[in-house]
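Inspection log for the structure reproduced underneath, given as structure tokens.
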Amino acid sequence: MSEAQTPKARRWSWLWIALIASLAVNLAVVAAIVAHNAVGPHRHRSITGPGFTQILPRAFFRELERDRRDELVGELRGHRKGFRALRKSLRERARDVASALRAEPYDEAAVTAALEVYQAEAETMVGRGRNIAQNFFKQLTPDERKLIAEQIERKTMSRRRWKRWKEDRKE
């Protein structure tokens with residue numbers, strides 16, 4: 001055969017590129033779905049901050065009917081801005097502690113003063129959280145109070161200890 005008659009071989013055609021791109025997108029979608037399901041059931045957004053995770057566990061809200069959940073979460077969301085400001089202030093007080101520690105020469109009185117201001121801010125935040133939680137608990141029905149008590153106990157125990165504790169209670 002002459003050179004003019006030999007077909008030119010293409011290494012990559014647009015069809016192959018499209019198929020590989022489609023495969024990559026499909027694998028990314030499957031990976032996202034698997035990762036989402038591996039995390040567990042649907043999680044609610046943070047309600048009011050880290051101080052509430054022990055006494056207002058998210059699992060409690062998942063077990064409520066949608067209307068009741070929306071009502072209770074709405075009550076808590078009303079306090080979001082106040083806690084945001086408190087957390088910002090607490091971060092600033094922590095930076096004040098860091099500045100006092102960094103100062104040369106070391107001034108123990110300045111560090112102590114910065115720690116006392118930090119402690120006062122933290123106590124303000126905890127006090128406000130306690131009042132909000134107390135008012136929240138007043139709004140619950142007796143069944144909801146039992147449910148949240150169980151979720152608080154569950155949140156504060158290891159998985160193994162929780163299973164043993166549940167088995168002991170059933171007997």
Note to self: Using side-chain heavy atoms (C-beta onward) and a distance below 4.5 Å, is Val111 in contact with Asp107?
What the structure shows: no
Checklist line | Within-4.5 Å side-chain heavy-atom neighbours: Leu15 and Leu19 | finding: yes
Next item on the list: Look up atom CD1 in Ile148 and atom CG in Asp143, then write down how far apart they are to the nearest 0.5 Å.
Entry: 13.5 Å
Note to self: Taking the side chain as everything from C-beta on, heavy atoms only, tell me whether Arg93 gets closer than 4.5 Å to Val97.
What the structure shows: no
Notebook entry, point to check: What distance do Gln119 atom CD and Thr124 atom OG1 have between them, rounded to the nearest 0.5 Å?
Noted result: 10.5 Å
Checklist line | Verdict with reasoning, Glu116 to Thr112, per side-chain contact (heavy atoms from CB on, under 4.5 Å) | finding: CA-CA 6 Å; Glu116 287 174 357; Thr112 301; 3.7 Å; yes
Next item on the list: Report the distance from atom CG of Asn135 to atom CZ of Arg130, rounding to the nearest 0.5 Å.
Entry: 9.5 Å
Notebook entry, point to check: Are His79 and Arg128 close enough, and set up right, to give a side-chain contact (heavy atoms from CB on, under 4.5 Å), and what steps lead you there?
Noted result: CA-CA 10 Å; His79 300 285; Arg128 184 173 294 175; 5.8 Å; no
Next item on the list: State, without any angle test, whether Glu71 and Gln139 hold a side-chain donor-acceptor pair at a distance under 3.5 Å.
Entry: no
Note to self: Ignoring hydrogens, what is the shortest heavy-atom contact between Arg145 and Phe137? Give both atom names and the distance.
What the structure shows: CD-O, 4.1 Å
Check: When rounded to the nearest 0.5 angstrom, what distance separates CD in Glu144 from CZ in Arg68?
Finding: 4.0 Å
Margin query: Looking at Ser99 and Arg95, would you say the former's side chain and the latter's main chain have a donor-acceptor pair under 3.5 Å?
Written below: yes
Margin query: Contact between Asp70 and Arg66 at the side-chain level, heavy atoms closer than 4.5 Å - yes or no?
Written below: yes
Checklist line | Pairwise distance CG(Leu101) to CD(Glu108) - rounded to 0.5 angstrom | finding: 11.0 Å
Margin query: Taking the side chain as everything from C-beta on, heavy atoms only, tell me whether Leu140 gets closer than 4.5 Å to Leu72.
Written below: yes
Notebook entry, point to check: Roughly how far, to the nearest 0.5 Å, is OH of Tyr118 from CD of Glu92?
Noted result: 12.5 Å
Check: Nearest heavy-atom pair of Arg69 and Leu64: which atoms, and what distance?
Finding: NH1-O, 3.4 Å
Checklist line | Heavy-atom closest contact (Glu121 atom, Ser89 atom, distance) | finding: OE1-OG, 2.7 Å
